[in-house]
Amino acid sequence: MITEKEQLVSFVLHLADDSLVLGHRNSEWTGHGPILEQDIAISNIALDLIGQARNFYQYAAALKADGATEDTLAYLRDAMDYKNALIAELNKGDWAVTTLRQFFFSTSKFYLYQQLQNNSDTTLAAIAEKSLKEVTYHLRWSAEWVIRLGDGTDESNARVKTALEYLWPYTGELITPASYEQAQPGIDFAALKKNWTNHVLQVLEQALLTPPVNDWMQSGGKQGIHTEHLGYLLAEMQYLQRSYPGCEW
Amino acid sequence: MSLIELEKIFQDKIDKEIRIEPKDWMPEKYRQTLIRQISQHAHSEIVGMLPEGNWITRAPTLRRKVTLIAKVQDEAGHGLYLYSSAETLGISRDEMVSQLNSGKAKYSSIFNYPTTSWADMGAIGWLVDGAAIMNQVPLCRNSYGPYARAMVRVCKEESFHQRQGFEILLVLSRGSEAQRKMCQNAINRWWWPSVMMFGPGDDASPHTAQSMKWKIKRFTNDELRQKFIDICAEQVKLLGMTLPDPDLKWNAAKGHYDFGAIDWTEFWNVVAGNGPCNKERLEARNKAHDDGAWVREAAVAYARKQKDKLSQTKVA
């Protein structure tokens, strides 16, 4: 029998992993962005996401109360224990993949945190409220890029179409709750799905894009069954903690 | 007004510590010197993002990861305001960027060295940013207004970076055997290149006199270098580490540290393009620029379409 507390820990870790993994991916752009202003913008989003992850990890560590810290949770868990949605771990790809992924992701977080900021769990509510301010900007920034690329040049339109074909099958997971999500009180996942779909379709239309006909959706990330990409990400991210165990940094 | 009179008014202002502003008359050589110096500084910030960016994905804790991203992002910001202040002298950012990418423009040679361990994030903060601050603090009072104002902001952030760097080394120096080794090794590799950051000795620096007269420069290379060495020779004791210079010794008579001979052959070699990472750094900049071309074009095309729509609505 899984206890309520275990369900809550899983939920908080899922939120933390989502933010950390995507924040890490976005930080791969730092120093390599298409133009200086956007290099700064994507680094900013990376910073926000990793900051949110830290808040969630710290809460998860407090709930676990077994000596875990934000760093043991981030650096000493294996891929099978990571609960991020698959879409977050995919390679950063080109600017179309990066911005479209951000858009799908931020849309789901926007509607989730909107609900969560009123949650009876006051810690979660506080983190959600703070994160919502940041996510509101991420959502606007990424939607603007999707529209700009879709309605820009022939090349940018072709690239964002390719990105859409690639990413679409990973969007289902963003709006399909895992059992530990459903176990949380006060979250209306049906409403989240409806809001997400409406907003996504509206922005895609503005970007002159239509979702692929094939509606098969990938899943597994939230349960710890990942793509091949996550192992490399963790190998790189966790290298120092794994090579020199028990050190202060 | 004759050229001689204009030059006299200009030099009078400088002597009275009145800032030169973009619309003021200035000698062409002053303008060119500033364009070269400010754009080189901006390029150094941009290329300088690469060696540290190299460790973002491997930073050992979440706190370190966040501070490293923020630091590299600050450098992008510095590049941005330095490019803007150079633009007030009549050169475009596109032109400066293409000079960097073609290899025509220079940037600080220090960034042509590789970052091979986490301790390098500490050593760069402590030594490289430390040397940069020593060079840059006097620039907050340089005679060209937009440059001086940009430097005030740059210096505030740099001194924060320097403290962070030293703190990284301090933690390593109190850590395990392997961490202490990492720490000493990084100091060994970054020390001499940092000492060379002040540029050639005063006897080999032909532009110094003119730049000092124009108050683009306030201290000579050797004066700043000595100050840097004096400070680091003391700080390294707090780390329980050593600087890789057997001739480093306190000279009570001079009130300064004596130090060993600098290997200028290495310096000029790196400047000439033979440093360990010259090719990688330039390739990385070019790749980012080329890969980003379609993104920039899309943004321009979209903005134009929006503008056209707007003017059509107005006509209708």
Side-chain angles (χ1 to χ4, degrees), chain A residues 20 23-44 46-47 50-51 53-54 57-58 69-71 73-75 94-96 99 144-145 147-160 233 236-241 243-244 246-249, chain B residues 42 46-70 72-77 79-80 83 93 97 117-118 168 171-172 174-176 178-179 182 284-285 287-306:
Chain A
L20 176 61
H24 180 102
R25 278 292 181 230
N26 285 342
S27 78
E28 294 172 355
W29 280 102
T30 306
H32 307 275
I35 190 164
L36 210 40
E37 288 81 350
Q38 297 306 323
D39 197 306
I40 293 173
I42 192 77
S43 304
N44 225 20
L47 280 172
I50 300 171
R54 291 185 69 188
Y57 282 131
Q58 285 164 14
T69 66
E70 58 171 9
D71 287 324
L73 292 173
Y75 287 90
D94 64 7
W95 195 247
T99 53
E144 282 171 4
W145 269 110
I147 295 166
R148 208 174 276 140
L149 296 181
D151 192 11
T153 61
D154 289 347
E155 180 176 7
S156 69
N157 179 270
R159 280 180 183 260
V160 76
L233 184 152
E236 197 173 335
M237 186 175 85
Q238 298 179 336
Y239 134 77
L240 279 167
Q241 290 278 1
S243 305
Y244 305 94
C247 287
E248 289 286 319
W249 296 94
Chain B
I46 302 308
V47 178
M49 296 170 76
L50 300 169
E52 289 176 285
N54 184 35
W55 280 86
I56 287 176
T57 54
R58 290 177 290 172
T61 68
L62 294 177
R63 182 173 77 92
R64 294 289 186 206
K65 198 179 189 73
V66 167
T67 36
L68 187 57
I69 296 171
V72 178
Q73 192 195 28
D74 281 348
E75 286 158 9
L80 210 51
Y83 281 131
R93 185 164 129 199
V97 169
S117 86
W118 169 251
I168 287 175
V171 170
L172 293 175
R174 291 168 181 173
S176 69
Q179 286 177 304
M182 209 183 270
R285 282 320 309 156
K287 186 176 187 312
H289 189 76
D290 297 345
D291 290 353
W294 71 271
V295 179
R296 297 190 299 274
E297 284 158 17
V300 170
Y302 178 76
R304 197 185 309 120
K305 284 184 196 174
Q306 293 308 104

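- Heavy-atom pairs under 4.5 Å with chain A peak, among E52(B), M49(B), Q179(B), at Q179(B).
- By number of non-hydrogen pairs under 4.5 angstrom with chain B, the leading residue of E28(A), M237(A), R148(A) is R148(A).
- Judged by distance alone, the side chain of N26(A) and the main-chain N or O of A46(A) form no donor-acceptor pair under 3.5 Å.
- Between Q73(B) and I40(A), the shortest heavy-atom contact is NE2-O, 3.0 Å.
- Of the two parts of L80(B), the backbone and the side chain both hold a non-hydrogen atom closer than 4.5 Å to a non-hydrogen atom of chain A.
- Looking at R25(A), neither its backbone nor its side chain comes within 4.5 Å of chain B, counting heavy atoms on both sides.
- Ring geometry for W95(A) versus W29(A): interplanar angle over 60°, hence perpendicular rather than tilted (30 to 60°).
- No side-chain donor-acceptor contact under 3.5 Å links E297(B) and T153(A).
- At a 4.5 Å heavy-atom cutoff, the contact between Q241(A) and chain B is made by side-chain atoms alone.
- Contacts between R64(B) and chain A at a heavy-atom distance below 4.5 Å involve the side chain alone, from C-beta outward.
- Annotation for A74(A) and Q238(A): closest pair O-NE2, 3.1 Å, computed over non-hydrogen atoms.
- For L62(B), the parts lying under 4.5 angstrom from a heavy atom of chain A are both the backbone and the side chain.
- Residue contact with chain A, scored on non-hydrogen atoms closer than 4.5 Å, is absent for K287(B).
- Only the side chain of R285(B) has a heavy atom closer than 4.5 Å to any heavy atom of chain A.
- Contact annotation for D151(A): both backbone and side-chain heavy atoms come within less than 4.5 Å of a heavy atom of chain B.
- A salt bridge between R93(B) and E37(A) is present, with a side-chain N of the basic residue lying under 4.0 Å from a carboxylate O of the acidic one.
- Using a 4.5 Å cut-off between heavy atoms, A96(A) touches chain B through backbone and side chain atoms alike.
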